[in-house]
Amino acid sequence: GAVVSQHPSWVICKSGTSVKIECRSLDFQATTMFWYRQFPKQSLMLMATSNEGSKATYEQGVEKDKFLINHASLTLSTLTVTSAHPEDSSFYICSAPSGGMEAFFGQGTRLTVV
Amino acid sequence: QKEVEQNSGPLSVPEGAIASLNCTYSDRVSQSFFWYRQYSGKSPELIMSIYSNGDKEDGRFTAQLNKASQYVSLLIRDSQPSDSATYLCAGGNGWGKLQFGAGTQVVVTP
């Protein structure tokens, strides 16, 4: 299957600071990528659709000014959590379709805000 | 009504037995469906995809889709302890955007 790489795999930051998470498609180009968030014991919730060369599309209830998404190339999307607070602590996962209907997931990033 | 619904479990299955997982979906979910396996603290791993009515088999896994009943299932034959995980049912829009069910935790007991 296609490979999606996410970095970092875990990060701890202080409350009020910003954190950037990278999602790369390693062996294919992705004009679209997706960002999910997963709280403990819960399922994945789609946060936003990242579109190469244009603005991201956010799901209802997701603050676009807090979760900044940039998709500057066909292989890289970044999610920046701005002014992070403890309630933003979660597992953030990106995915990308490789041309078919299937989506491949990155390894995920465990964010802890202290 | 949630768009993709699953029984959260846990589903306890003796080693070597068949695990049966079910998922229902609403009209707003498109017609491509996926089963992902997720180990604790890890990212989901695709194990099966199914797009048309009927059964699809891959090794010990069989997925079944019934569009008239808006129902998709997954059977795991000869369950192994390594199959203990959360299984996520997802509906796709055809472009990689997925809506997930809550996940069913499977525990395979030796």
Side-chain angles (χ1 to χ4, degrees), chain A residues 1-10 21 23-25 28-52 56-60 71 77 89-112, chain B residues 2-10 21 23-26 28-52 56 58-59 61 63 65 67 72 85-107:
Chain A
V3 179
V4 176
S5 178
Q6 195 172 334
H7 178 82
S9 56
W10 61 271
I21 302 169
C23 181
R24 294 182 184 272
S25 55
F28 65 100
Q29 294 181 332
T31 56
T32 302
M33 292 185 179
F34 302 95
W35 287 95
Y36 295 84
R37 179 168 55 182
Q38 186 178 35
F39 291 108
K41 304 295 184 183
Q42 296 186 25
S43 190
L44 279 75
M45 295 299 296
L46 179 66
M47 298 177 65
T49 301
S50 175
N51 303 299
E52 188 268 333
T57 305
Y58 291 83
E59 296 299 303
Q60 189 174 10
H71 195 149
S77 174
S89 297
S90 189
F91 192 45
Y92 292 86
I93 314 172
C94 69
S95 75
S98 65
M101 288 190 273
E102 299 175 354
F104 297 90
F105 284 84
Q107 303 96 316
T109 298
R110 176 76 57 193
L111 170 63
T112 302
Chain B
K2 292 183 179 179
E3 301 196 2
V4 180
E5 295 209 44
Q6 292 180 257
N7 187 325
S8 61
L21 307 171
C23 176
T24 58
Y25 60 92
S26 72
R28 289 177 292 173
V29 175
S30 292
Q31 302 299 298
S32 56
F33 298 92
F34 308 89
W35 284 99
Y36 286 85
R37 177 175 62 197
Q38 187 177 28
Y39 294 111
S40 181
K42 301 295 185 181
S43 188
E45 173 192 8
L46 179 66
I47 55 172
M48 287 289 282
S49 59
I50 187 165
Y51 308 131
S52 56
K56 180 181 178 181
D58 184 0
F61 300 98
L65 175 61
K67 293 183 179 180
V72 58
T86 296
Y87 290 79
L88 300 167
C89 172
N93 68 345
W95 300 99
K97 181 178 179 179
L98 300 174
Q99 292 179 320
F100 285 89
T104 298
Q105 183 186 4
V106 173
V107 179

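By convention in this document, chain letters (A, B, ...) are assigned in the order of the sequence lines, proteins followed by strands, and residues within each chain are numbered from 1.
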Enquirer: Counting only heavy atoms closer than 4.5 Å, note whether Ile93(A) contacts chain B via side chain, backbone, both or neither.
Expert: side chain
Enquirer: With a 4.5 angstrom heavy-atom cut-off, which part of Gln38(B) approaches chain A: side chain, backbone, both or neither?
Expert: side chain
Enquirer: Scan side-chain atoms only and decide if Ser49(B) and Glu102(A) contain a donor-acceptor pair under the 3.5 Å cut-off.
Expert: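 Present: a donor and an acceptor within the cut-off.
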Enquirer: Working to the nearest 0.5 angstrom, can you tell me the gap between Trp95(B) CH2 and Thr31(A) OG1?
Expert: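 Nearest 0.5 Å value for the CH2-OG1 distance: 8.5 Å.
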Enquirer: Where is the tightest heavy-atom contact between Gly96(B) and Pro97(A), given as atom of each residue plus distance?
Expert: CA-CB, 3.9 Å
Enquirer: Minimum heavy-atom separation for Ser43(A) to Ala102(B), with atom names?
Expert: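 Scanning both residues, the minimum pair turns out to be CB-CA, 3.7 Å.
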Enquirer: Would a distance-only check, ignoring hydrogens and angles, find a side-chain to backbone donor-acceptor pair under 3.5 Å from Ser43(B) to Gly106(A)?
Expert: yes
Enquirer: Is chain A contacted by the side chain of Leu98(B), its backbone, both, or neither, given a heavy-atom distance below 4.5 Å?
Expert: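 Leu98(B) touches chain A through backbone and side-chain heavy atoms alike.
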Enquirer: For chain A, find which of Ser40(B), Gly101(B), Pro44(B) contributes the most heavy-atom pairs closer than 4.5 angstrom.
Expert: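 Greatest number of close heavy-atom pairs with chain A: Pro44(B).
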Enquirer: Considering only heavy atoms, which portion of Gln38(A) lies under 4.5 Å from any heavy atom of chain B: side chain, backbone, both, or neither?
Expert: side chain
Enquirer: Working note: Leu46(A) + Gln99(B), criterion side-chain contact (heavy atoms from CB on, under 4.5 Å); need CA distance, chi angles, decisive distance, verdict.
Expert: CA-CA 7 Å; Leu46(A) 179 66; Gln99(B) 292 179 320; over 6 Å; no
Enquirer: How long is the span from the NZ atom in Lys41(A) to the CD atom in Gln105(B), to the nearest 0.5 Å?
Expert: 6.5 Å
Enquirer: Roughly how far apart are Tyr36(B) OH and Phe105(A) CZ, rounded to 0.5 Å?
Expert: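 Here the rounded value is 4.5 Å.
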Enquirer: Side chain, backbone, both or neither: which part of Lys42(B) has a non-hydrogen atom closer than 4.5 Å to chain A?
Expert: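 Just its backbone gets close to chain A.
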